[in-house]
Amino acid sequence: MFIDETPVLVDLSLKDNLLHDKSFEKLEEYTALVYQTLKKFFTQENFYTGDDIQNINQHKLEAQLDVEHTYSFEEALDYLNHLYIKNTIAFHNPTYVAHLNCPVVVPAILAETIATTINTAVETWDQSTSATFIEQSVIRWICNEFSLPQEADGVFTSGGTQSNFMALLMARDHYAFANYGVNIKQHGWFEEVSKFRIFCSEKAHFSIKKNAALLGMGYDAVIPIKTDSKMRLDANELVLAIERVKQEGNIPIAVVATLGTTDYGSFDPLDTITTIAKEYGMWLHADGAYGGCFVLTDSHKKYFEHIDKVDSITIDFHKTMFQPVCCSAFLLKNKQHFQYVSYYADYLNPFEDKDPERPNLIEKSIQTTRRFDALKVWFTLKTLGKNTIASYLEEVHYLAKAVYEHLASDTAFEVVHEPELSTVVFRYKSVGVKENKLHDRINLHIKNALFKSGKASVASTKLNGITYLKFTLLNPNTTKEHLFEIINMIKQQGEQYNTYN
Ligand SMILES: *Cc1c(COP(=O)(O)O)cnc(C)c1O
């Protein structure tokens, strides 16, 4: 019966769509076409082609799939170019100064290509072999940069949000185990958890609240602490808040110190926070998603003096190490704490088969199948060294300082802080306008008008309910001249708004 059955795949050439020895030439041929198309994208003048609602609606239609109809590779690539590549946002363009998206270094893209082409997954040693050691060695390197002890360890994650999730999970489960002998991983939630409180600055990343909710503690478990004039967590306010929470009968379990807040790039004072966390027996997490890579620079070493005392660290290589997304890591001072996420699956990593010579990285991760993102960092360091990265970071930092000086000396602008990293938050102020609501509308108009023109992208944020504009500088190819030009565009838009509205 079995022998007589006709094979399902009648056309054997279809198998050449899968990558194998016989189809490799096709991959090379197509790759050349892809790079021809991409090259044009990289020579486009503006960061964006600019858009109106007709174009957006058109793209929405064109993105729809009709799976009955297939195209040749060339046709599909051409279609994709018109729909997406030509019209997408160019982070490498010096006038893109909106969010924490960096231009990427060449070796990282090629390392990404290698990892993707081989398609290594790094959950178990029998799937990744030496890739395991490459990830471990990148983790060791960054732990050393932070002067963490030998017992420290870490794992690559999908981003700062996931790293912060792991930190809060460890904080919760460790507090429950150490203080109540409760094993949350095994038995789940218990009564006291609803009293657990986590402290962070009011400028901390929203993922702290979001993760507290995902972990069953809720947004209300996160206590925002006021910041000082430099947008850093105020340590006196922290102590007051901890005492208040205790008096209410709630339980302080963790503090998050942000090393580089998303909007202001401010560093919370690690020295005092470390002392406070220790005194109250709380977990201390450092969210260095934005600022963490500045540990490589001379200019910012001083902010990391007490980093070896924190329990866990978030670091995003896709923000400040010029790596393609995703590329991020979570570090633990004491690797024992990975037990709060480890699981031994019979089919994957049976406990009886544990072998220190052949580690299974899944035991440290909340993911199962996981990308080999560490290769990008490893290859970048092999080819460029850390000093190249450090010099890029210092470049954008000094650029931010220069633009701050420029804006501060111009009466058309109000600047809110002197940059510690590479963002500048400011607003345009029209002559004769007193009302903040009107200023808010003018500044939002400026942001949107610049974006639509395709000539520059700046971000906006709010401080004390007032709308501000923000430059996020992560591109060493952006010059003062580029920024002065953007500043002129901002003024022009601001003046025009006054005239016509
Ligand atoms: C961006 C950011 C995050 C989130 O990181 P993702 O990689 O976007 O998930 C967390 N914390 C801070 C301070 C950030 O700037």
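All of these numbers come straight from a predicted model, not from anything done at the bench. Read the numbers this way: they start at 1 and go in the same order the structure lists the ligands and their atoms.
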*Using 4.0 Å as the upper bound for N to carboxylate O, is an ion pair formed by Lys470 and Asp263?*
yes

*Between Glu414 and Arg427, is there a salt bridge with N-O shorter than 4.0 Å?*
yes

_Inter-residue atom distance Glu237.CD - Ser201.OG, 0.5 Å rounding_ = 12.0 Å

_A quick test of your reading: do over 12 heavy atoms of other residues, nucleotides or ligands sit less than 6.0 Å from CD of Glu485?_
no

Dump the pairs for me: ligand 1 N or O, protein N or O, distance under 3.5 Å, to 0.1 Å.
from, atom 1, to, atom 2, distance (Å)
ligand 1, 5 (O), Gly160, N, 3.3
ligand 1, 5 (O), Asp316, OD2, 3.2
ligand 1, 5 (O), Lys319, NZ, 3.4
ligand 1, 7 (O), Gly160, N, 2.8
ligand 1, 7 (O), Asp316, OD2, 2.6
ligand 1, 7 (O), His318, NE2, 2.8
ligand 1, 9 (O), Gly160, N, 3.2
ligand 1, 9 (O), Thr161, N, 2.8
ligand 1, 9 (O), Thr161, OG1, 2.6
ligand 1, 11 (N), Asp287, OD1, 3.3
ligand 1, 11 (N), Asp287, OD2, 2.6
ligand 1, 15 (O), Thr262, OG1, 2.9
ligand 1, 15 (O), Lys319, NZ, 3.0

*May I have the step-by-step check of side chain to side chain contact (heavy atoms under 4.5 Å, CB included) for Leu270 and Leu259, ending in yes or no?*
CA-CA 9 Å; Leu270 260 189; Leu259 305 183; 4.0 Å; yes

Enumerate, atom names and distances included, each donor-acceptor pair closer than 3.5 Å involving a side-chain atom of residues 293-301, sequence neighbours excluded.
from, atom 1, to, atom 2, distance (Å)
Thr297, OG1, Phe294, O, 2.7
Thr297, OG1, Ser299, OG, 3.4
Thr297, OG1, His300, N, 3.1
Ser299, OG, Glu394, OE2, 3.0
His300, NE2, Glu420, O, 2.6
Lys301, NZ, Val295, O, 2.7

